[in-house]
Amino acid sequence: MSKMIDEKSWQRVWESEEVFASEPDDREKFLITVPWPYTSGPLHVGHGRTYTIADIMARFLRMTGYNVLFPMGFHESGTPIGSISHKIASGDKRTIDLYRKYISQYDSGENVDEILKGFEDPTKVADYFSDKIINDFIALGFSIDWRRKFRSIEPNFSNMVKWQFRQLGKQDRLKKGSHPVLFSIDDGNAVGEDDIEDGDTDKVAIEKFLVVLFKASGKDFYLGAGSLRAETIFGITNLWYNPDITYVLMNVDNKKVVVSQWCSKKIENQIQNVEVIRTISPEEFANETFSVPLAQKHVKIFQNRHLKEGQATGIVYSVPGHSVNDLSYLNEYEILIEPIEIITVKGKISSARAAMKKFNEPSEANLQLYREEYYDGIMVEKLDIIGGLSVKDARERMFNVLKEKDLGFDFYECSREARTRDGKPVIVAVIHDQWFIDYAQPQWKEETIAHVKNMEFKPDFYSTNMVDIINWLEERACARQRGLGTRLPQQEDWVIESLSDSTIYPAYYTFSHLITENNGNELTDEFFSYVLQGKNVNGYKPSPLAISCRNSFQYWYGVDRRITSAAHMSNHLAFYIFNHVALFEEKFLPKGISIAGMVISNGAKISKSKGNAVSLMDVVNTHGADIFRLYVALVAELDSTLDWNEKEVENIHGVYNSLSNIFSAVVESGINKKDPGLYMDVFLAKFRIHLGHYAAMMEKQQVRGASVEIIYEVLKDLGELSSLGLDQIKATEKIMQQWLKALSPIVPHLADHYWRAFGNESLLEREIIHIEKVNESDENLISQFEYVKGIIRDVRDIMNVTKIKPSQIDITVCGPQLATEIERISKGDVDVRNKSIIGLVKKYRGKIQTGLDENRALTIFGKMIETVFTSKVHCTIMDSYTSGKLPMPGRPTITLTGDKNE
RNA sequence: GCGGAGGUUGCCGAGCUAGGUCAAAGGCGGCAGACUCAAGAUCUGCUUCCGUAGGGGUUCGCCGGUUCGAAUCCGGCCCUCCGCACCA
């Protein structure tokens with residue numbers, strides 16, 4: 001653990017001095033944002049990472065002269081907060097325990113229950129956690145302009161969202177249609193991943209089935225069998241039903257269809273104008289034969305108790321040629337039917353029978369067969385309608401033909417059996433008047449892709465990734481019938497879905513601090529058209545407020561950099577770009593997106609159900625802001641996975657202590673130390689180089705690389721000084737000002753503390769850093785120093801091999817004439833005086849280093865060798881070779897004399 | 001399957017976009033030494049193999065190719081991870 005400086009007091013100084021309250025001026029602006037967090041609970045270290053990186057970048061850019069705006073707000077729209085309130089109100093123990101735990105992190109004892117009670121109102125949940133998040137973020141030292149904060153459900157902002165949707169409507173980008181969603185019949189509403197038991201770990205997908213209709217001979221009804229594999233129709237040998245399931249006769253599209261009772265409920269929620277006529281006993285159909293659609297044949301139906309009530313229609317058509325299950329059922333019930341095989345894979349007939357022989361496990365056999373046939377399968381030629389087609393094409397063809405001929409209808413089913421968290425079954429329902437944003441429009445896609453190509457992505461492969469996503473995106477359901485948020489202006493009983501209301505909201509940051517609650521009725525569509533688009537709609541005369549908002553918007557807007565996680569790529573970020581392209585002029589469009597890698601905890605993925613989410617607040621309280629910031633900066637580059645683990649945190653404390661120890665030593669020692677002379681020059685030259693690298697890497701957004709350079713590398717150089725017996729404090733003092741500036745984006749509290757202690761009046765947040773150019777004499781000096789260090793390494797190597805403890809070290813460097821000859825030989829010219837050295841030179845050709853004044857290097861730094869080995873050093877120059885070892889440029893000969901040390 | 005990322009020395013993890021200075025940064029772990037009564041902390045050195053002179057051998061998923069030269073470029077193969085939606 002480290003002895004931390006008082007971070008809170010610096011945070012108070014920053015606040016009272018308003019150092020992060022950004023206003024337009026004549027500097028170049030830089031707007032940096034991170035997606036607003038969803039306020040359903042406390043944040044964990046994963047959230048902390050993106051904001052910390054953004055803050056480090058913001059502080060660095062400020063220091064290099066940009067006018068930086070770093071705002072944030074809170075996302076409170078959507079359904080999860082509502083369902084939390086609902087669960088608390090209805091006494092759900094798990095939720096109550098969880099939220100009691102959350103509240104106890106911030107509030108004590110008797111307050112907890114009262115606050116918890118309040119959570120029965122969803123807005124209280126949202127507001128409670130947004131307030132706490134503000135405190136956490138202030139405690140992390142983020143340079144956020146808090147004046148601009150707002151919540152996604154506040155009325156003033158809602159006005160802008162409504163404006164946005166009216167614009168999209170006018171531009172014909174909204175449409176209505178039907179749409180399948182996961183649904184709870186008992187609750188009467190759609191359910192999200194959050195509402196489903198294990199929904200976050202085991203996703204439930206919606207699968208599209210076709211219910212194929214089999215006419216009962218001589219009767220007026222059909223059996224409805226659900227299938228994902230319509231192409232296997234011609235392989236049908238029989239049907240299955242389960243006598244334990246209750247079946248009903250229902251009217252679908254003017255046909256009487258038999259399905260399970262449970263299925264009829266699903267159909268009622270998917271297809272309009274259907275009704276259940278009566279239950280039907282299996283005896284009424286078990287002895288019939290049924291006509292297979294499109295095939296001139298009739299098949300029987302058999303009992304099969306493996307069929308599950310919850311799965312599709314409760315009636316299955318049997319294709320033993322291509323289904324391992326059907327084949328094994330036939331065997332089990334001892335039904336003698338020959339499978340019909342109608343699919344070839346790579347020229348050979350594919351069959352369930354063969355697959356069963358190949359794989360021991362039936363489920364594995366089924367999976368492999370399914371894959372093989374789906375991706376490589378071809379229908380046999382002789383088949384009607386689909387002969388010779390690929391399985392994929394045949395399936396689609398069959399779907400269409402059956403529907404056209406009224407022999408099938410669409411049916412949606414969950415990919416697994418799913419229940420809500422309180423145990424109610426989840427089905428798929430079709431919403432028939434769903435609102436969509438039509439991201440499928442080709443023109444819109446094209447413009448959006450064109451803009452993506454102008455944007456800067458980090459890492460840059462996400463740029464092509466984004467183009468793919470945009471191409472793939474289709475209509476997006478943009479409104480729901482429950483949850484918090486803005487009402488859809490086109491139809492006020494719908495609420496705008498929570499990702500669709502968070503696309504252009506960063507624009508609101510540019511003027512949110514100018515708007516007060518009293519301005520509500522001024523925020524009309526005309527107002528926003530003026531502020532965001534510069535248009536005077538319906539003869540709108542801008543008010544003073546509108547004009548100042550417009551000015552602020554024009555100065556700041558265009559998000560220069562947005563830092564977020566890869567999870568947002570295919571939804572939030574894509575919508576963000578789409579909507580900006582639809583509504584804003586080119587110059588206000590997003591410019592850069594930087595994608596952060598995952599955050600894991602002690603090697604494992606963070607998930608709420610595992611309970612390994614490390615609360616951000618805990619981290620700040622136990623370790624302090626600067627430790628967390630150092631951790632984020634040093635442990636992993638933004639695009640790679642960051643592992644939060646306790647062992648590593650300890651190391652970071654070590655780094656922090658090294659820095660604060662050296663700084664306090666400087667501050668306490670006064671300036672009476674002896675100047676280490678030339679070594680100091682080497683150190684300073686190296687520091688200039690590190691600083692240059694640091695700035696270059698920061699500009700390339702390589703925060704880790706930059707931090708390593710300015711922390712580890714500089715500390716290493718200081719360590720080197722001390723191992724030479726020189727004074728670190730004097731050295732640190734010389735670089736102190738620049739070093740603190742460079743460190744301040746990473747550890748702002750520590751930096752400000754020592755900046756002040758070192759006698760500066762100002763705040764580092766208002767300082768500008770000037771990066772000096774590295775000059776040639778710096779580089780020469782360093783290479784001379786490194787040369788001597790190389791000799792020390794060599795001596796050490798020789799000592800290790802020979803076990804000699806040297807009392808004298810003889811070093812012979814290559815003189816200028818000899819060097820010229822050696823260089824000529826190394827270039828292939830062997831017409832030289834000393835033929836005898838040719839062989840030696842060729843052997844070491846790769847190791848020759850020219851352009852270095854070795855004699856001078858030894859004169860300056862030779863004493864180092866004596867200090868390290870406590871032995872005499874004797875240097876000579878050899879300029880004409882006679883015999884023995886040959887010194888070459890950059891590679892002197894070394895001879896040790898002394899006792900053997902066993 | 002499609003799309004994306006990646007496989008580096010005991011472990012984690014740089015480097016590979018501009019091939020040589022890479023036996024390959026840094027950290028962890030391990031070993032030795034200094035300090036200490038001792039432990040811890042800290043500091044120093046070592047940590048692929050061989051070697052009585054700074055050298056040599058074999059390494060960067062596997063197999064080939066390009067090149068004077070490849071962890072780095074090209075082709076193939078094997079394996080791992082992530083996304084595939086209406087959910088924040």
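Quick note: numbers below take in every heavy atom, side chains included, and nothing from hydrogens, waters or symmetry partners.
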### Task
Check whether any side-chain heavy atom of A/Leu659 sits under 4.5 Å from a side-chain heavy atom of A/Leu715, and report yes or no.
yes
### For atom CG of A/Leu182 and atom P of B/A85, their distance in whole Å
11 Å
### Query
What integer number of Å spans the C1' atoms of B/G19 and B/G1?
36 Å
#### Entry: Nucleotide B/C16, atom C1' - distance to CG of A/Asp460 in whole Å
14 Å
### Pairwise C1' distance for B/U48 and B/U36, with rounding to whole Å
35 Å
### Query
Considering heavy-atom distances to RNA chain B, does A/His568 or A/Trp472 have its closest nucleotide positioned more toward the 5' end?
A/Trp472
### Query
A/Met466 has an atom CE; how far is it from atom C1' of B/A85, in whole Å?
14 Å
### Query
Listed by chain and number, what are the salt bridge (charged side-chain N to carboxylate O under 4.0 Å, His left out) partners of A/Arg151, not counting sequence neighbours?
A/Glu76, A/Asp127, A/Glu154
### Task
Name the nucleic acid region contacted by A/Glu474, choosing base, sugar-phosphate or nothing; use a 4.0 angstrom heavy-atom cut-off, strictly under.
base
### Query
Does B/C43 have a Watson-Crick or wobble partner in any strand here, with both distances under 3.5 angstrom, and which is it?
B/G33
### Query
Roughly how far apart, to the nearest Å, are B/U47 and B/G26 at atom C1'?
15 Å
### Query
If you measure from the C1' atom in B/C84 to the same atom in B/C28, how many Å do you get, rounded?
37 Å
### Query
For the residue pair A/Thr448 and A/Phe578, what are the closest heavy atoms and their distance?
OG1-CD2, 3.3 Å
### Task
Considering just the side-chain nitrogens and oxygens of A/Ser570, establish if one lies under 4.0 Å of OP1 or OP2 belonging to B/A85.
no
## Note on the structure
5' to 3', nucleotides 2-15 of chain B under a 4.0 Å protein heavy-atom cut-off (B base, S sugar-phosphate only, - none) gives -SSS--------S-
### Task
Taking ring pair (Phe, Tyr, Trp, His ring centres under 6.0 Å) as the test, write out the residues that go with A/Tyr412, two or more places apart.
none
### Query
Rounding to the closest angstrom, what is the interatomic distance between B/G20 and B/U67 at atom C1'?
11 Å
### Query
Which sits closer to the 5' end of RNA chain B, A/Leu473 or A/His572, going by the nucleotide each is nearest to?
A/Leu473
### Query
If you check every side-chain atom of A/Leu499, which of B/G26, B/G54, B/C87 has the closest atom?
B/C87
#### Entry: From A/Thr79, A/Thr95, A/Leu98, residue fulfilling side chain to side chain contact (heavy atoms under 4.5 Å, CB included) relative to A/Ile84
A/Thr95
### Task
Pick the P atom in B/G56 and in B/C2, then give their distance to the nearest Å.
48 Å
### Message
Can you tell me if A/Thr79 touches the phosphate of B/C87, counting only side-chain N or O atoms and a distance under 4.0 Å to OP1 or OP2?
### Response
no
### Length of the CD1-C1' vector between A/Ile809 and B/G54, whole Å
13 Å
### Distance between P atoms of B/C11 and B/A25 (Å, rounded)
15 Å
Show me, pair by pair, the donor-acceptor contacts under 3.5 angstrom made by side chains of residues 466-479 of chain A, not counting sequence neighbours?
| unit_1 | atom_1 | unit_2 | atom_2 | d |
| --- | --- | --- | --- | --- |
| A/Asn471 | ND2 | A/Val467 | O | 3.3 |
| A/Glu475 | OE2 | A/Lys175 | NZ | 2.9 |
| A/Arg476 | NH2 | A/Glu497 | OE1 | 3.3 |
| A/Arg476 | NH2 | A/Glu497 | OE2 | 2.5 |

### Summary
By the Watson-Crick or G-U definition, both distances under 3.5 Å, B/A25 is matched with none
### Message
The criterion is side chain to side chain donor-acceptor pair (under 3.5 Å); which residues satisfy it with A/Arg562, sequence neighbours excluded?
### Response
A/Thr33, A/Tyr505, A/His572
### Summary
Taken to the nearest whole Å, CG/A/Leu659 to P/B/U42 is 15 Å
### Message
So, using ring pair (Phe, Tyr, Trp, His ring centres under 6.0 Å) as the criterion, who are the partners of A/His179 when residues are at least two apart?
### Response
A/Phe436
### Task
Take atom NE2 of A/His693 and atom P of B/A25, then tell me their distance rounded to the nearest Å.
18 Å
#### Entry: Gap in Å between the two P atoms, one belonging to B/C60 and one to B/C73, rounded
15 Å
### Task
Would you mind classifying the nucleic acid contact of A/Ile469 as base, sugar-phosphate or nothing, using non-hydrogen atoms under 4.0 angstrom?
nothing
### Query
Of the nucleotides B/A85, B/G54, B/C86, which has the atom closest to the A/Arg476 side chain?
B/C86
### Query
Does B/G1 have a Watson-Crick or wobble mate here (both distances under 3.5 Å), and if so which one?
B/C84
#### Entry: Pairwise side-chain contact, A/Thr464 with A/Phe457, heavy-atom cut-off 4.5 Å (strictly under)
no
### Query
Can you check the A/Lys176 NZ to B/C86 P distance for me, whole Å?
21 Å
### Query
B/A85 P sits how many Å from A/Asn571 CG, rounded?
11 Å
